[in-house]
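Report on the following structure.
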Amino acid sequence: MPELPEVEICARELSAHLRGQTIRRIETPDNKIHLPRDLAGCRIKEIDRRGKFIIVQLEDERRILIHLGMTGWFVFRPPSKYRLALEVNDGAAYFEDPRRFGKVRLVSAAQQEQLLAELGPEPLAPGFNLRHLKRTGRPIKVALQDQHLVAGVGNMYASEALWRAHIHPKRPADRLADDELRRLRKSIVYVLRKAIAYGPQIYEVQRFTVYRRKGEPCHRCQTPIERLVLGGRSAYFCPQCQRFDRGSPRT
DNA sequence: AACGTACCCTGCCGGC
DNA sequence: TGCCGGCAGGGTACGT
């Protein structure tokens, strides 16, 4: 499940292969992806990321906005099945996405601005903080995954960051103390940065402390990890380290 | 407005 | 061994 780190790595790889190149041909075998043929001849100026979106900036100020969905990623040699091929003068990028939840669309600069304006702050940008989460009473994990509140955090890194910060996923966001929010902010930045540091190997070297480890021992206290469903999504946590009724961890 | 839920889609897992 | 139902899980659209 691509979240901020995976999307960041994907964007960097795309940049390495496509930046400065001119589009030669676009192929969209998937009937849910539509890109105009006239993109051929257009030069790719820059590739950026905002939240979980990849932004391919074209020379003519149009942008290809890409969301990887759950199973999307790019490869640079033709795979057996792909939803989009972007051929450039020196190479090509192929969009693989078995579950087809990914989205690709061409937008104007103004449309991009409008779409991405609704995203919350970037966790890795300077000045990032979680003070605004005090304005919602939703469970903290649900709030963290709301892209309007924090951009780029999804199910796995939300669980990982909450474990690291000793905070129960169900705690109402508006009842977190200042030091808890501070701890959580640091934990988010830590888990995201660490994942990005893995680089393209991320899918092979991913090591989770709680995510998908139900029943296995907590890395800190050996208590079996538990799973609960929040906002229709799995939350993994250590019932010992992340008490619902106790704000602060024992240090 | 804010929150909960169904849906999209397909690979994979467990049960029989 | 093989089949099959159900689940996971991003975002979004919709109902309350």
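To find a chain, count down the sequence lines: A is the first, B the second, and so on, and within it residues start at 1.
With sequence neighbours excluded, the residues satisfying side-chain contact (heavy atoms from CB on, under 4.5 Å) with A/Lys103 are A/His67. Partners of A/Ala177 according to the side-chain contact (heavy atoms from CB on, under 4.5 Å) rule, which considers only residues two or more places apart in sequence or in another chain, are A/Asp179, A/Glu180. Residues that satisfy the side-chain contact (heavy atoms from CB on, under 4.5 Å) test with A/Glu59, not counting sequence neighbours, are A/Arg43. Here A/Ser108 pairs with A/Ala110, A/Gln111 under the side-chain contact (heavy atoms from CB on, under 4.5 Å) rule; sequence neighbours left out. Listed by chain and residue number, A/Phe74 satisfy the ring-ring contact (aromatic ring centres under 6.0 Å, His included) test with A/Phe95 (two or more places apart in sequence, or in another chain). For A/Phe76, the ring-ring contact (aromatic ring centres under 6.0 Å, His included) partners two or more places apart in sequence, or in a different chain, are A/His17.
Among pairs with a residue in residues 226-242 of chain A, none fulfils salt bridge (charged side-chain N to carboxylate O under 4.0 Å, His left out), at least two apart in sequence or across chains. Among residue pairs with one or both ends in residues 113-129 of chain A, those qualifying as side-chain hydrogen bond (donor to acceptor under 3.5 Å, both in side chains) are A/Arg49-A/Glu122, A/Arg50-A/Glu122; sequence neighbours excluded.
Between its two ends, the helix from B/dA2-C/dT16 to B/dC16-C/dG2 turns its axis by 50°, counting five pairs per end and rounding to 10 degrees.
Taking a heavy-atom distance under 4.0 Å as the criterion, the stretch of DNA chain B touched by chain A extends 5' to 3' from B/dC3 to B/dG11.
Inspection of the A/Glu216 and A/Tyr236 side chains reveals no N or O donor paired with an N or O acceptor under 3.5 Å.
Across all strands shown, A/Lys81 has no heavy atoms under 4.0 Å from either base or sugar-phosphate atoms.
Within the hydrophobic cluster formed by Ile, Leu, Val, Met, Phe, Trp and Tyr side chains joined at under 4.5 Å, directly or through other members, A/Val229 stands alone, with no partner residue.
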Taking protein heavy atoms under 4.0 Å as touching, what does nucleotides 9-16 of chain C look like 5' to 3' if B marks base contact, S marks sugar-phosphate-only contact and - marks none? BBB-----
